[in-house]
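Just below is one structure, and these are the notes that go with it.
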Amino acid sequence: MVGVLNEEILSIGESASAAATWINKNVAAYLPSTNITAIAVGSEVLTSIPNAAPVLVSAMNYLHKALVAANLNFQVKVSTPQSMDIIPRSFPPSTATFNSSWNSTIYQLLQFLKNTNSYYMLNAYPYYGYTKGDGIFPIDYALFRPLSSVKQIVDPNTLFHYDSMFDAMVDATYYSIEAFNFSGIPIVVTETGWPWFGGADEPDATVANAETFINNLIKRVLNNSGPPSQPRMPINSYIYELFNEDKRPGPASEETWGVLFANGSAVYPLQLSTSDRITENSSVVFCVVKPGADSDKLQDGLNWACGPGQANCTAIQSGQTCYYPDTIENHASYAYNDYYQKMRSVGGTCDFSGTAMTTTNDPSSGSCHFAGSSNSNTSTGGLSPPVAFGPTNPLDGSSSSMHSLRLQHLISAAFFALVLL
């Protein structure tokens with residue numbers, strides 16, 4: 001998927017030749033060696049640069065016509081990602097509608113998507129829905145966790161049960177589209193994710209929550225179903241985002257949405273599989289102490305891992321193979337990792353009050369072998385980025401091919417770094 005920058009929309013929206021030049025430079029020049037299936041025109045244009053709204057659909061039309069001229073319109077679709085903010089009240093989903101101040105632009109957009117057999121691009125963030133929801137919804141609802149019988153989320157008009165905020169957001173968008181008397185326009189979630197670290201006022205941005213959200217998202221997308229109102233419309237989704245952005249302005253959480261650190265090591269493992277078994281992998285993920293972690297918290301974490309956590313801490317006792325270097329960081333890393341390797345498959349996480357992180361770099365040294373190491377007696381499966389394969393057109397193919405397509409979208413999103421500026 002290739003993105004048109006927000007600052008390019010005005011010029012493209014006013015000139016067919018500018019659109020043709022853009023297609024030749026950014027799409028046609030890379031085909032067929034690169035599998036380009038869509039053009040995302042801007043990012044959240046209506047809410048981020050509303051002055052470009054009058055020419056947004058014009059820009060999309062010009063780009064589509066340039067694709068037609070190049071005989072690429074069946075391979076490459078044109079759409080534009082929008083945020084949930086253009087739906088003021090998204091719950092209950094059945095009564096959701098787009099902000100009426102954008103009626104003219106949204107009608108033109110939906111007409112374009114219908115006419116060109118394209119799809120609606122939605123940026124859906126349950127993290128923000130939860131953190132800005134004043135406690136209305138439980139965090140389990142945002143993280144795809146099972147809800148207790150007394151906390152079921154039900155649309156009072158349709159009596160549909162919503163097991164996740166993600167599904168409710170997608171359904172709210174389908175209902176908003178339906179309010180304009182359009183149907184049959186699929187929704188592709190072009191951005192969704194969860195930050196793994198935040199400031200003092202962002203307590204829900206943790207590694208544990210991020211890992212839970214992303215891996216539950218993957219399971220949800222791969223279960224071959226749509227939201228309650230559209231059960232036969234599978235939800236294709238892109239993970240936001242590949243790498244952390246340490247220069248991104250704003251709250252601390254803005255820098256930590258990535259599934260990988262800048263050096264390519266995993267923040268947490270991704271379980272890209274169609275079952276509970278992790279897919280084939282080429283390296284193990286280890287759990288180690290995060291640089292700069294507070295020593296008191298590390299001691300607490302070490303005590304817990306070697307006690308209630310039931311990690312095997314024999315190797316870090318005096319005289320044993322992993323006792324040296326005799327530091328709290330080394331001992332905690334060993335204990336954290338031993339716990340993580342044993343318990344990850346049943347829900348154990350690498351967090352320890354924010355003092356731990358995952359890495360694909362084997363921390364073993366000399367005769368000290370960490371659990372999971374190729375030299376240790378306990379080898380467990382983590383996940384390193386596989387070779388990504390490109391997505392096919394999300395509107396083509398049979399239902400059986402759609403299942404593999406969703407996995408393709410997840411892998412290509414996670415490891416090809418979809419960036420919509």
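Model, not experiment: these values are computed from the prediction. Computation of the quantities below employed the complete heavy-atom set of this structure, encompassing side-chain atoms and omitting hydrogens, waters and symmetry-equivalent molecules.
The six-membered or imidazole ring of F243 lies away from that of F261, with a centre-to-centre distance of 6.0 Å or more. Separation of the Y107 and F182 ring centroids falls under the 6.0 Å cut-off.
Side-chain atoms of I328 and Q299, non-hydrogen and from C-beta on, do get closer than 4.5 Å to each other. Side-chain contact between L260 and S265 is absent, with no heavy atoms from C-beta onward closer than 4.5 Å. No side-chain heavy atom of Y240 sits less than 4.5 Å from a side-chain heavy atom of T192. Counting only heavy atoms from C-beta outward, the side chains of V154 and F160 never approach each other to under 4.5 Å. When side chains are defined from C-beta on, N244 does not count as touching W257, because their heavy atoms never get closer than 4.5 Å. Counting heavy atoms from C-beta outward, V76 and T37 have side chains that stay 4.5 Å or more apart. Side-chain atoms of K219 and L222, non-hydrogen and from C-beta on, never get closer than 4.5 Å to each other. No side-chain heavy atom of I87 sits under 4.5 Å from any side-chain heavy atom of N99.
In this structure Y125 satisfies the side-chain hydrogen bond (donor to acceptor under 3.5 Å, both in side chains) test together with E191, sequence neighbours excluded. Taking Q310 as the reference, nothing meets the side-chain contact (heavy atoms from CB on, under 4.5 Å) condition, with sequence neighbours excluded. Legend: residues meeting side-chain hydrogen bond (donor to acceptor under 3.5 Å, both in side chains) with E255, ordered by chain and number and at least two apart, are absent. Qualifying side-chain hydrogen bond (donor to acceptor under 3.5 Å, both in side chains) partners for S164, counting only residues two or more places apart in sequence or in other chains: D167. Residues passing the side-chain contact (heavy atoms from CB on, under 4.5 Å) test with D140 are R145, L147, sequence neighbours excluded. In terms of the side-chain contact (heavy atoms from CB on, under 4.5 Å) criterion, residue partners of K297 (sequence neighbours excluded) are, by chain and number, D294, T355. For E14, there are no salt bridge (charged side-chain N to carboxylate O under 4.0 Å, His left out) partners at least two apart in sequence or on another chain. By the side-chain contact (heavy atoms from CB on, under 4.5 Å) test, T80 is found to be paired with V41, V45, L56, M60, Q82, L109, residues two or more places apart in sequence or in another chain being considered. Partners of E254 by salt bridge (charged side-chain N to carboxylate O under 4.0 Å, His left out), not counting sequence neighbours, listed by chain and number: R248. When the ring-ring contact (aromatic ring centres under 6.0 Å, His included) test is applied to Y340, no partner is found at least two apart in sequence or on another chain.
A donor and an acceptor atom, one from each side chain of T349 and E211, are nowhere located under 3.5 Å apart. Residues E329 and S333 bring no donor and acceptor atom of their side chains to less than 3.5 Å of each other. Checked by atom type, the side-chain pair D85/T47 shows no donor-acceptor distance below 3.5 Å.
Once rounded to the nearest 0.5 Å, the distance linking CG of N123 with OG1 of T190 reads 4.0 Å. Residue N263 holds its CG atom at 6.5 Å from OG1 of T359, rounded to the nearest 0.5 Å. Interatomic distance, SG of C287 versus OH of Y334, reported as 13.5 Å (0.5 Å rounding). Residue Q152 holds its CD atom at 7.0 Å from CG of D163, rounded to the nearest 0.5 Å. Interatomic distance, CE of M1 versus CG of N35, reported as 11.5 Å (0.5 Å rounding). Between the CD1 atom in I23 and the CG atom in L63 there is a gap of 5.0 Å [rounded to 0.5 Å].
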Give every donor-acceptor pair under 3.5 Å between a side-chain atom in residues 90-97 and any protein atom, sequence neighbours left out.
| residue | atom | partner | partner atom | Å |
| --- | --- | --- | --- | --- |
| S94 | OG | D155 | OD1 | 2.9 |
| S94 | OG | D155 | OD2 | 2.9 |
| S94 | OG | N157 | ND2 | 3.0 |
| T95 | OG1 | P92 | O | 3.1 |

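Smallest separation of non-hydrogen atoms from M84 and A124: CG-CA, 4.2 Å. In this structure, A356 and F352 approach most closely via the heavy-atom pair CB-CD1, 3.9 Å. The shortest heavy-atom contact between A311 and A335 is CB-O, 3.6 Å.
Every pair passing ring pair (Phe, Tyr, Trp, His ring centres under 6.0 Å) that includes a residue from residues 197-235 is listed here, sequence neighbours excluded: F144-F213, W194-F213.
Under the 3.5 Å distance criterion, the side-chain polar atoms of S58 are left unmatched by any main-chain donor or acceptor of P54.
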